There are 2 protein chains.
Amino acid sequence: MDRKRLQPADGRPTVHTVAALAGVSIASASRVLNGLGASPETVRKVRAAAAEVGYVPNAIARSLQSQRTDLIAFAVEDIGNPVYVEMMRAIEAVVAESGRQLVVHATGGNVASETALLRRLAHRYVDGMIISPIRVTDAHVAAISDSPAPVVVIGQLPDAVPVDNVRTDSRTGVAMAVEHLAAQGRKRIGLINGPLDTVPGAARDAGFRAALAAHGMTIDEDLIEIGEFQYAAGRAAAERMLSRTVPDALFCANDLIAVGALHALLVAGLRVPQDVALVGMDDTELGRMSFPQISSVSLGSAARGGMAARLLLERIKDPALPARREQVAPHLVIRASSEVAR
Amino acid sequence: MDRKRLQPADGRPTVHTVAALAGVSIASASRVLNGLGASPETVRKVRAAAAEVGYVPNAIARSLQSQRTDLIAFAVEDIGNPVYVEMMRAIEAVVAESGRQLVVHATGGNVASETALLRRLAHRYVDGMIISPIRVTDAHVAAISDSPAPVVVIGQLPDAVPVDNVRTDSRTGVAMAVEHLAAQGRKRIGLINGPLDTVPGAARDAGFRAALAAHGMTIDEDLIEIGEFQYAAGRAAAERMLSRTVPDALFCANDLIAVGALHALLVAGLRVPQDVALVGMDDTELGRMSFPQISSVSLGSAARGGMAARLLLERIKDPALPARREQVAPHLVIRASSEVAR
DNA sequence: CAGACTCCCGTAAACGTTTACAAGATGAGA
DNA sequence: TCTCATCTTGTAAACGTTTACGGGAGTCTG
């Protein structure tokens, strides 16, 4: 019995320390510590010993035995984008309630680091992952579908891929924005989009063209600009457009772009919404912090995050579950940037 | 040899699987996999076997053996505050470069969950933690100073506490802002602060009063408002102040408050900076996204984050190091919100 | 009072690695 | 050819838990 080292090198107590001090076996100590059956006397002795030495179980050793880490990963392109902050908050709430913790990864949006991350899942350092890839390549699909740990994807995924998936319908969302702007009597509606080789970029482009057509408007390529999904890019794209022509309304593919575009419009001396109506997308707090506040198409980011987290927890509990696909409907939130006060 | 299960229940290969397939002992397999000495023939066989079964080492088991998890935690009050996003980016860069990963915790700023988090460090689920507490209670100090794993604190800490610590000098920062506003001829400088029982709130209050005194200005309590360190609170606080009196300059305790105050000023029909000059603090991207862009006192959040991460890594490498205290100097970034263009 | 049943407890194995140690093989030098 | 050093390999222990299993003591029943 005293062959076992009672105190490890760093002096931290283990279950051996507690057991020895309490005068019981490590099995009994472990049982008491986990609230399993034991006699009152044993319980008392073990509790006292554990308290005396300040025993705290080692999470690593426990994980090795239980094959769970109680960690959930959330992989995201850019922590600075408020839409991901909102998702993260929703995910964190669900994850914390289940007694687990959240690990956040910033991928920078490039395919290599995202697939590397997915492969690292094989190390089993987390119990599962929620990923919201902005581009979906074959490499992604391959890495996701034969991932050794459960993965839930937020965003569009090819239909055939049997992976839990939470999506929204951004084409309909774009249609709502166009509908709203048209109803305000706007005739020259511009689009500032992100890269077309991204899933959201492509969807917004398609949705925009379809919506304009549905309203009998012709597509004017001068009123379409493409940049990154970021503030500075949005501002630059709007400046490029304004140097050519001035729209009477602008739809932006996310709120960061919208805030950048707002900046460009105001610098150009245009009034928002009187001269140019502005609608963003994602309905983040950023849009509420602008002046004027920015109308935005909500894609339910918090709802999607929470739902993804719940799907993941259910899959961890029962890996045999069939792959599910949930959808969150978009809705338009109208604020000062797109509606002239009467 | 075949007593050992070669394939675990979930079918994932272990070092035993690889060793058996290669016809060598697990020790040899492990050595090859870690690049230690082995004969060319053994190396070849093990590599081939590992590739064939797609072996990936189990991070948990490795951690149990090595007593390291290669995870670093960053505990923060509110992930939505852009200042923490900037710190996080800087920390992430340093941490990733060392081959580790970052775990982010949102504490909600309350003492109980922060101390609980610190106690959880005893579980050894991370190698160390960076924490930026907004309030520092005796409970914090106790939990931090006898933490079983290395902790680095970003923010003020009582001098006697022997913990690695990265701080800035926000009093000097406030003085810079006041100096700048006074130099612009502003006479009635207001303050919108966060709670006085927080460390930054108290420092900004003291700094503001000292700076006004240094410029021979009297303190007008009507020009001081207190709320939370957030957008909505800042806006509400500014509205309260404006209902009483109109300052000719406003210093805000962080950029979220400043953006809220800007909103209130613009809604009230005041021009920024002509009627009211505005200076924020933290110099986050949020201030750059506003219109007009907001002048802000930089407290070097990225620098502090990076430095904290480096201190932590050094301490992990050598726990015997004496506690260090680093300081990052503030500087003022002047933008359109505080300087009337000539 | 014997047998069956319960309840506690301790021994030992297991989770998947890394690594100290010793033993075997090989080659060089005397 | 013998010895010694070097290189490679395998055995086994260790990291700190949880838990299957079996034994022993006690209680209850017939």
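Everything numeric here is computed off the predicted structure, so don't read it as measured data. Reminder, nothing fancy here: chain letters follow the sequence lines and each chain counts from 1.
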S.K.: Counting any heavy atom closer than 4.0 Å, what does A:Leu36 reach on the DNA or RNA strands: base, sugar-phosphate only, or nothing?
M.R.: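 No contact.
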S.K.: Measure from NZ on A:Lys45 to C1' on C:dC9 and round the result to the nearest Å.
M.R.: 11 Å
S.K.: With a 4.5 Å limit on heavy-atom distance, are the side chains of A:Met88 and A:Ile79 in contact?
M.R.: yes
S.K.: Looking at C:dC9, I'd like to know if its phosphate oxygens (OP1 or OP2) sit under 4.0 Å from a side-chain N or O belonging to A:Ser25.
M.R.: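 No, A:Ser25 has no side-chain N/O under 4.0 Å of OP1/OP2 on C:dC9.
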S.K.: Over all strands shown, is A:Ile26 touching base, sugar-phosphate only, or nothing at heavy-atom distances under 4.0 angstrom?
M.R.: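 A:Ile26: base contact, heavy atoms under 4.0 Å.
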S.K.: May I ask you to verify if any side-chain N or O of A:Thr14 is less than 4.0 angstrom from the OP1 or OP2 atom of D:dG16?
M.R.: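 Checking A:Thr14 against D:dG16: no side-chain N or O falls below 4.0 Å of OP1 or OP2.
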S.K.: OP1, OP2 of C:dC15 versus side-chain N and O of B:Asn58: anything below 4.0 Å?
M.R.: no
S.K.: Please determine whether a side-chain nitrogen or oxygen atom of A:Gln67 lies at a distance below 4.0 Å from atom OP1 or OP2 of C:dA14.
M.R.: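 No, no such contact exists.
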S.K.: Does a side-chain N or O from B:Tyr55 land closer than 4.0 Å to OP1 or OP2 of C:dT17, or not?
M.R.: yes
S.K.: Could you check which of C:dT18, D:dT9, D:dT18 has an atom nearest any side-chain atom of B:Thr42?
M.R.: D:dT9
S.K.: Please work out if A:Ser39 contacts a base, only the sugar-phosphate, or nothing of the nucleic acid, heavy-atom cut-off 4.0 Å.
M.R.: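 A:Ser39: backbone/sugar contact only, no base atoms under 4.0 Å.
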S.K.: Classify A:Ala27 by what it touches in the nucleic acid, base, sugar-phosphate, or nothing, heavy-atom distance under 4.0 Å.
M.R.: base
S.K.: Nearest whole Å is fine: how far is C:dC8 C1' from A:Arg44 CZ?
M.R.: 16 Å
S.K.: Only one of B:Val163, B:Leu121, B:Thr115 forms a side chain to side chain contact (heavy atoms under 4.5 Å, CB included) with B:Ile144, so which one is it?
M.R.: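 Exactly one option meets the side chain to side chain contact (heavy atoms under 4.5 Å, CB included) with B:Ile144, and it is B:Val163.
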S.K.: Taking the side chain as every heavy atom from C-beta outward, state whether A:Val46 and A:Val18 have any atom pair closer than 4.5 Å.
M.R.: yes
S.K.: In whole angstrom, what separates B:Arg62's CZ from C:dC15's C1'?
M.R.: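 From B:Arg62 CZ to C:dC15 C1': 16 Å.
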S.K.: Whole angstrom is fine here: how far is it from CG in B:Leu33 over to C1' in C:dT17?
M.R.: 11 Å
S.K.: Run the salt-bridge test on A:Arg135 and A:Glu114 with the 4.0 Å N-O cut-off and return the result as yes or no.
M.R.: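 Here A:Arg135 does not pair with A:Glu114 in a salt bridge, since their nearest N and O are not under 4.0 Å apart.
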S.K.: Nearest-Å distance, CZ (B:Arg12) to P (C:dC15)?
M.R.: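 Between P of C:dC15 and CZ of B:Arg12: 14 Å.
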S.K.: Could a donor-acceptor pair under 3.5 angstrom be found where the side chain of B:Arg31 meets the base of D:dG10?
M.R.: yes
S.K.: For DNA chain C, whose closest nucleotide is more 5', that of A:Ser28 or that of A:Ser66?
M.R.: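 The residue mapped nearer the 5' terminus is A:Ser28.
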S.K.: Please determine whether a side-chain nitrogen of the Lys or Arg among B:Asp164 and B:Arg315 lies less than 4.0 Å from a carboxylate oxygen of the Asp or Glu.
M.R.: yes
S.K.: For B:Pro40 and B:Leu64, take the nucleotide of DNA chain D holding the closest heavy atom to each; which residue's nucleotide lies nearer the 5' end?
M.R.: B:Pro40
S.K.: Expressed in angstrom and rounded to an integer, what is the separation of A:Ile60 atom CD1 from D:dT17 atom C1'?
M.R.: 11 Å
S.K.: Once you apply a heavy-atom cut-off of 4.0 Å, does B:Val56 come out as touching a base, just sugar-phosphate, or nothing?
M.R.: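 Result for B:Val56 = sugar-phosphate.
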S.K.: For a side chain to side chain contact (heavy atoms under 4.5 Å, CB included) with A:Arg100, tell me which candidate from A:Ile316, A:Thr69, A:Leu312 qualifies.
M.R.: A:Ile316
S.K.: Does A:Gln65 place a side-chain N or O at less than 4.0 Å from the phosphate oxygens OP1/OP2 of C:dG16?
M.R.: no
S.K.: Could you state the NE2-C1' distance from A:His16 to D:dT17, rounded to the nearest angstrom?
M.R.: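 My rounded result for the distance is 9 Å.
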S.K.: Calculate the interatomic distance between B:Tyr125 atom OH and D:dC15 atom C1'; express it in whole Å.
M.R.: 21 Å
